[in-house]
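Start at 1 and go down the list; that is how both ligands and their atoms are numbered. Below, each value reflects all heavy atoms present in this structure, side chains not excepted, and no hydrogens, waters or symmetry copies. Only a predicted model underlies this, so the values are computations on that prediction, with no experimental measurement involved.
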Amino acid sequence: MPQDTSYDVDLLVIGAGSGGVRCARIAAGHGAKVAVVEGRHWGGTCVNLGCVPKKLMVQASEYGDYVEDSHGFGWDTQAGAFHWDRLIAAKDKEISRLNGIYVSMLEKSGVRLLTGFARFEDAHTVVTTPTELAPNAEPERITARHIVIATGSTPTKLDIVGADLAITSDEVFGLPEMPRRVCVIGSGYIGVEFAGIFAGLGASVELVYRQPLPLRGFDEDLRVALHEAIGQRGVTQHEKASPTRIRREGSDLVVTLDNGTEVTVDCVLMATGRHPKSGRLGLENTRVRRTEEGRIEVDRHFETAEPGVFAIGDVTNHLNLTPVAIAEGHILADRLFADRARAWSFETTPKAVFFTPPLASVGLTEAEAAEQGTVDIYVSKFRPMRHTLSGRERRTVMKLVVDQATQKVIGVHMIGEDAPELMQGLAIAVTAGLHKADFDRTIGIHPTSGEEFVTMRTRTRVSGD
Ligand code: NDP
C-alpha cells in the first residue's frame, strides 16, 4: 500500500473499543501505518463495563438455580454463601487479562498506542491530553490521513430529582458490596439482564418500566413470556410506571413512581439507554456533523461530512451491538487500505438478552412482518426436559415467522435455555434466505430444544391478512 509521508500515520483511530481495535488491526494488516488513542480502558465498554463482565455475572447468578434443580435429580446439594467480593475480584482479574490481550494484539499488529483524551485541532490533526489511564503521559500531537471516531456510548440517566443517587451500568460492576434490595429502572437490554443477575444472586429486585411489557422492540410472544419469566424469578414488576424522584432516608433510597408507589431499596440502577460519546472531541474544528443527541452522522461508507474523517460503532447510533461495531471497523479498514468491499448482512443482525432464561431473535418480529404482508406463524411452547425433573416453572417459547408468498423464514425468536447459542446458527439460515421447507427437511438432534425448530409442522396462525 503506498504511504503518504505528509502525515504521521495513515490511520488514527480514536477509541480502543471493539470497533476501533478491529479497524486498527485490519488496517495495519493491510500495511497501513496506524495509531490508536484510548483514554479509559483498552477494549472499551464491551470488555470492561459491558458484555464480558455482564455475562460472567449472569453465569454467577445461575449457580443457585443449578443447586436447587439438582434436588430433582437425586442430589441433596446445598448452596453455601455467595461472596460478591470474590466474584468481583475474579471478574476484575479476567478483565485485566483481556486488557493485556488487547494491548498485545495491537502492538503485535504494529499499531502505535497512545493514551489520553483525543481532540481534533483540524480535520487531520489530533492532540491528546492525559487521562486517568496514564496520568503522566505526555500530551501528543499527531497528524493522520484518515481518522476514525470509535468513541462508543455512555449511559443516560433520567432527568429526575435525586438521579445522582442512582448508579448506571458504569458503576454496577464495581459496587463494593452486593445490594440486598435493588430497584432497576428501564426494561431494555441492561435493565432486564441486571434484574436477572441481582435476583439470581439473592437480592430482592423491583423492576420499573413504562411499557405494559418489558423489552420494547422484541416480538410480542417473547415479551409476554419474558414478563412471566421475570415474575417467576421473583422480581416485582412495576409496569406502566416511571420514577419521578429518588430520595435518601437514612441508609435507604426511596424511589417514588408516577402511580404513587414508593419503592425502598439499597441501590437504584438506571438502565434507561445510552447516548453517543461525541462531546469535547473538538468536532467544531472540523466539518463533522452531530445530531442534537450527539450521534455522528455518516454516509453508507461510515464517512462523516468531513472527508477523511469516519465514525463507526455506538457513536453513530446505528445498531449498538459489539459485533456490528466490529463489522463496521473491518469493512472500513478493508475499503480504505485494501480496496476491498466486504459485505455484512446488518439487516439480519441477531440479538440476545441474557436473562435467565435468555432470549434471542433474528429477523422480523410478527408485528413488523405483518405490516409488510401476510405471514405464517409457527409457535411452540413447552417445558424443557431439565425442568420436568427439577420441577422449576420455566417455559421455552420458540417462534418462526414465515413469509406466506415466498415461504422464506424471515424471523426466528426464542426464549429458553441456550437461546443465544441456538440463534447464531439460525441467523445463518435467515441470512441465507432459507425457506420453511429447508427447515422441514432438516433432521433434528434428539433430545434437544433446538429440534423443535425443524419439527414445527402445524401453523399456529396467519398474521397480516
Ligand atoms: P435500551 O434502549 O435497551 O432500554 C432503555 C430502557 O429505558 C427502556 O425500557 C426504555 O423504555 C427506558 N426509558 C428510556 N427513556 C425513558 C424515560 N424517559 N422514562 C422512562 N423510561 C425510559 O437501553 P439499555 O440502557 O438497556 O441498553 C443500552 C444499549 O446497550 C442497548 O440498546 C443495546 O444496544 C446495548 N446492549 C446490548 C446488550 C446485548 O446485546 N445483550 C446488553 C446490554 C446493552 P421504552 O422501551 O419505553 O423506551
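- In this structure, Phe453 has its ring center at least 6.0 angstrom away from the ring center of Tyr378.
- Taking the charged nitrogens against the carboxylate oxygens, Glu220 and Lys399 have no contact shorter than 4.0 Å, which rules out a salt bridge.
- Where the criterion is an N or O separation shorter than 3.5 Å, residue side chain and backbone included, Asn320 meets it with respect to ligand 1.
- Evaluated for a side chain to side chain contact (heavy atoms under 4.5 Å, CB included) with Ile410, the options Val401, Leu400, Thr348, Val402 yield exactly one hit, Val401.
- For ligand 1, one of its N or O atoms has an N or O atom of Gln211 under 3.5 Å away.
- At under 3.5 Å, not a single nitrogen or oxygen of Phe354, backbone or side chain, sits near a nitrogen or oxygen of ligand 1.
- Contacts between Thr322 and ligand 1, counted as non-hydrogen atom pairs separated by less than 4.0 Å, are absent for every part of the residue.
- Under the salt bridge (Lys or Arg N to Asp or Glu O under 4.0 Å) test applied with Arg392, the options Glu68, Glu417, Glu62 reduce to a single match, Glu68.
- In terms of protein heavy atoms, atom 31 (C) of ligand 1 is closest to Tyr189 CD1, 3.6 Å.
- The shortest N/O to N/O separation between Ala352 and ligand 1 falls below 3.5 Å.
- The aromatic rings of Phe194 and Phe198 are tilted relative to each other, their planes meeting at an angle between 30° and 60°.
- Nearest approach of Leu114 to Trp42, heavy atoms of both residues: O-CH2, 3.8 Å.
- Polar contact check, Gly186 against ligand 1: no nitrogen or oxygen pair lies under 3.5 Å apart.
- Ranking protein heavy atoms by distance to atom 4 (O) of ligand 1, first place goes to Gly188 CA, 3.3 Å.
- A salt bridge does not link Glu306 with Arg289: every distance from a Lys NZ or Arg NE/NH1/NH2 to an Asp or Glu carboxylate oxygen is 4.0 Å or more.
- Close N/O approach between Arg274 and ligand 1 is not found [any backbone or side-chain N/O within under 3.5 Å].
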